[in-house]
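Just so we're clear, the structure is a prediction, and the values are computed from it rather than from any experiment.
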Amino acid sequence: MSVQDHRGHFRPTPGAEPIGRALSPWLRWAASAVWWVEHAFERARADARPEEDTRVRIFLVMAVFSVVFVGLGIGAVRAALFVEKSGVGSAGNPDALIRADLVDRNGVLLATNITHYGLYIDPAEVWDRALAIRELRRALPRIKSDRLRTVLFGERRALVAQSLTPAERAAVHALALGGISFEPEDRRVYPMDQSATFVIGQADSGGMGITGAELAFNDEIRAAGAVSRDFPLSIDLRVQGVLENELYAAARENGSKGAVGIIADTSTGEVLGMASYPQDSQVNRAVASVYEMGSVFKTFTIAAAVDTGRADMNTMIDASRAYMIGNRAIKDFHATNRVLSLEEVYLHSSNIGTTQLAVGMGGDVMRDYFTRFGLLAKAPIELRESARPIRPREWSDTTLASLSFGYGISITPAQMSAAMGALTNGGRYVPLSLRKGGAPNVEPRRVISEQTSLTMLDLMRRNVVNGSGTRADAPGLRVGGKTGSANKLVNGRYQASHAVGTFAAVFPTDGPINTRRYSILILMDEPQTYPRTGGFVAAPAVGRIAARIAPFLGVQRGADAWRDALGEKVPAFEDVEGDGR
């Protein structure tokens with residue numbers, strides 16, 4: 001409260017509580033300053049000093065503007081330095097796609113968002129349409145002339161072209177034409193072009209995954225993008241590059257209609273490389289196509305026999321004559337006409353031998369082991385394209401005979417890869433995964449014993465050293481594996497001219513049961529060269545791939561006990577299987 005003295009000055013009323021006495025010093029100072037400014041005009045008029053009134057007004061205006069500019073400056077600095085990003089590529093574009101960058105297991109970029117621009121024209125603001133058409137076509141040749149004319153001679157603002165790069169936008173902007181405007185639009189781009197295209201997949205213009213990993217991990221990719229994190233996949237782009245290079249070269253060399261390659265860590269199920277040929281196909285044959293794969297299945301038949309105690313390395317099987325099931329004669333296509341050891345059954349790929357093992361175990365046991373190996377259900381990989389197998393309806397003796405050497409059941413390459421992992425990693429089934437680190441919260445299930453797994457690793461190595469898989473060998477890397485060949489069913493009949501050649505491999509095969517191992521599966525669909533068997537069309541690619549990727553995986557070349565024991569031998573037969581009927 002204040003009173004006016006005899007000179008016209010306003011002073012606090014005697015005895016009144018001073019302003020801000022109970023407040024902190026700086027608040028008292030601010031209150032006093034406000035009080036002084038509030039009554040400055042009155043003092044100036046009372047003292048008959050109008051110039052002070054003017055100065056006070058000028059000071060007040062300057063003070064207000066200073067406060068405003070300081071506030072704006074502080075806000076700008078805060079926005080530039082301290083405000084968190086709301087999502088990948090979202091700055092300055094409210095319609096930005098909130099999708100994380102996809103990277104490989106080593107952080108190499110596989111997919112990202114880049115701001116492109118939509119080109120719009122308002123014809124009402126274009127004063128020379130002919131000039132506009134000519135200049136726009138020169139700056140941006142990909143603009144369709146018909147669309148450009150339709151918009152320029154239309155009645156309203158409309159979109160002329162989408163996905164202009166920043167460089168294209170700058171070129172159009174430099175024309176300084178009237179009626180031109182741009183609207184930002186985030187686009188998903190894949191800097192590796194066609195490499196790993198089936199694994200990565202695609203996302204649509206609305207920011208939703210539609211194929212591959214983009215679809216499989218859609219929600220997680222968007223969640224990672226919202227907090228500006230990358231989403232890593234399991235693949236190693238170096239391994240992927242080698243796989244694609246060797247698979248495509250082999251497929252072209254033997255004239256295959258299609259081809260598949262999968263490389264995986266048998267301990268974790270992580271897919272390090274996955275390729276499908278031809279690249280321009282819309283089908284990922286690794287997970288969406290099923291095949292009868294022939295004698296690769298002898299590995300599972302023998303593993304089941306060993307694991308159940310029905311056979312061991314000392315077991316002898318009579319393959320001196322055809323094995324009869326009713327009117328059906330099971331024959332070997334490279335008949336030995338003698339009694340074979342279990343090792344020889346495997347190395348000579350004897351249909352007679354594996355048929356006797358399967359029939360001896362019976363349908364219940366065979367079905368149990370095929371289930372354990374994941375051969376009767378679609379591969380539990382994240383890809384939505386994963387197809388179900390074509391499996392037998394009944395498990396009679398004649399069906400068991402076919403199943404023992406890979407007929408009567410059609411599976412995806414992904415199923416085969418996962419099953420080979422279980423066979424060679426100590427006997428645990430681990431699902432394939434495209435997630436770095438493998439599928440979360442998965443408890444591996446026991447398929448076969450550790451000892452059976454070691455036995456099968458031994459047999460697979462022997463097969464590459466001295467059996468049907470010699471062309472898959474890579475010196476010092478101890479590659480093991482099994483060939484498979486099967487004629488395809490065409491118009492109800494198996495046709496030798498339509499065949500599938502496969503090689504399923506693992507390396508290194510030596511070392512303790514917990515040794516880190518890697519599986520390689522190569523499949524050739526309808527190769528045109530002869531022989532069309534897995535030993536010729538698929539095994540050589542396996543050897544080259546193993547040799548090239550070993551340094552990336554930390555697999556050292558070393559001594560090879562089995563090569564020293566068995567010597568350099570080329571078998572006197574090749575793995576040419578037929579339908580076994």
* Checking salt bridge (Lys or Arg N to Asp or Glu O under 4.0 Å) for the pair R238/D236: CA distance, chi angles, key distance, verdict? -> CA-CA 5 Å; R238 302 168 301 176; D236 184 323; 2.8 Å; yes
[atom1]-[atom2] distance between [X] and [Y], expressed to the nearest 0.5 angstrom:
| X | Y | atom1 | atom2 | result |
| --- | --- | --- | --- | --- |
| I262 | L432 | CD1 | CG | 6.5 Å |
| L553 | L477 | CG | CG | 10.0 Å |
| L434 | I381 | CG | CD1 | 4.5 Å |
| L272 | K436 | CG | NZ | 11.5 Å |
| T211 | I200 | OG1 | CD1 | 10.0 Å |
| M456 | T299 | CE | OG1 | 5.5 Å |

Check whether [X] reaches the backbone of [Y] with its side chain - one donor and one acceptor, N or O, closer than 3.5 Å.
| X | Y | value |
| --- | --- | --- |
| N425 | T266 | yes |
| E385 | G212 | yes |
| Q415 | T412 | yes |
| T515 | P512 | yes |
| S485 | G534 | yes |
| N113 | R99 | yes |
| R478 | P508 | no |
| R229 | A100 | no |
| S386 | A379 | yes |

Looking at [Y] and [X], is any side-chain nitrogen of the basic one under 4.0 Å from a carboxylate oxygen of the acidic one?
| X | Y | value |
| --- | --- | --- |
| R391 | E292 | no |
| R157 | E125 | no |
| D525 | R285 | yes |

For the residue pair [X] and [Y], establish whether any side-chain heavy-atom pair is separated by less than 4.5 Å.
| X | Y | result |
| --- | --- | --- |
| L119 | I180 | yes |
| L521 | M420 | no |
| E220 | N218 | no |

Measure across [X] and [Y] and return the closest heavy-atom pair with its distance rounded to 0.1 Å.
| X | Y | value |
| --- | --- | --- |
| L423 | S453 | O-OG, 2.9 Å |
| R222 | G207 | NH1-O, 2.8 Å |
| A139 | L175 | CB-CD1, 3.9 Å |
| Y429 | A419 | CE1-N, 4.5 Å |
| A538 | T502 | CB-C, 3.9 Å |
| V283 | A288 | CG1-CB, 4.0 Å |

Just by distance, no angles: are the side chains of [X] and [Y] close enough, under 3.5 Å, to form a donor-acceptor pair?
| X | Y | value |
| --- | --- | --- |
| T197 | Q279 | no |
| T455 | T452 | no |
| R532 | N254 | no |
| R187 | S163 | yes |
| T301 | K298 | no |
| S195 | E244 | yes |
| T112 | D101 | yes |

* To do: Kindly indicate, with the supporting measurements, whether the criterion side chain to side chain contact (heavy atoms under 4.5 Å, CB included) is fulfilled by L148 and I133.
  => CA-CA 7 Å; L148 188 57; I133 292 174; 4.1 Å; yes
* To do: Please confirm whether R471 makes a cation-pi placement over F536, using NZ or CZ under 6.0 Å from the six-membered ring centre and within 45° of the ring normal.
  => yes
* From CA spacing to verdict: side chain to side chain donor-acceptor pair (under 3.5 Å), S433, E382 -> CA-CA 6 Å; S433 177; E382 296 93 349; 2.5 Å; yes
* **Atom CD of E155 with >12 non-hydrogen neighbours under 6.0 angstrom** => no
* Write out all pairs satisfying salt bridge (Lys or Arg N to Asp or Glu O under 4.0 Å) with one or both partners inside residues 257-283, taking only residues at least two apart or from two chains. =>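 Listed by first then second residue: R105-E270, K257-E526, D265-R516.
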* Should R367 and L376 be marked as a side chain to side chain contact (heavy atoms under 4.5 Å, CB included) after you check the CA-CA gap, both sets of side-chain angles, and the distance that decides it? -> CA-CA 8 Å; R367 181 165 47 224; L376 302 183; 4.0 Å; yes
* Any chance you could lay out the side chain to side chain donor-acceptor pair (under 3.5 Å) test for Y190 and E214, step after step, and finish with the verdict? => CA-CA 11 Å; Y190 303 92; E214 292 274 37; 2.8 Å; yes
* List the steps and the verdict of ring-ring contact (aromatic ring centres under 6.0 Å, His included) for F182 and Y120. => CA-CA 6 Å; F182 306 91; Y120 291 79; 9.1 Å; no
* Aromatic contact, Y369 with F300 (centres under 6.0 Å) -> no
* Asked: Quick one: are the ring centres of F373 and F370 less than 6.0 Å apart?
  ->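 When the ring centroids of F373 and F370 are compared, they turn out to be at least 6.0 Å apart.
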* Test side chain to side chain contact (heavy atoms under 4.5 Å, CB included) on K482 and S295 and set out the steps. => CA-CA 8 Å; K482 182 69 182 80; S295 290; 3.6 Å; yes
* R446 and R428: side chain to side chain contact (heavy atoms under 4.5 Å, CB included), yes or no, with the steps? -> CA-CA 5 Å; R446 175 63 57 185; R428 301 168 302 110; 4.0 Å; yes
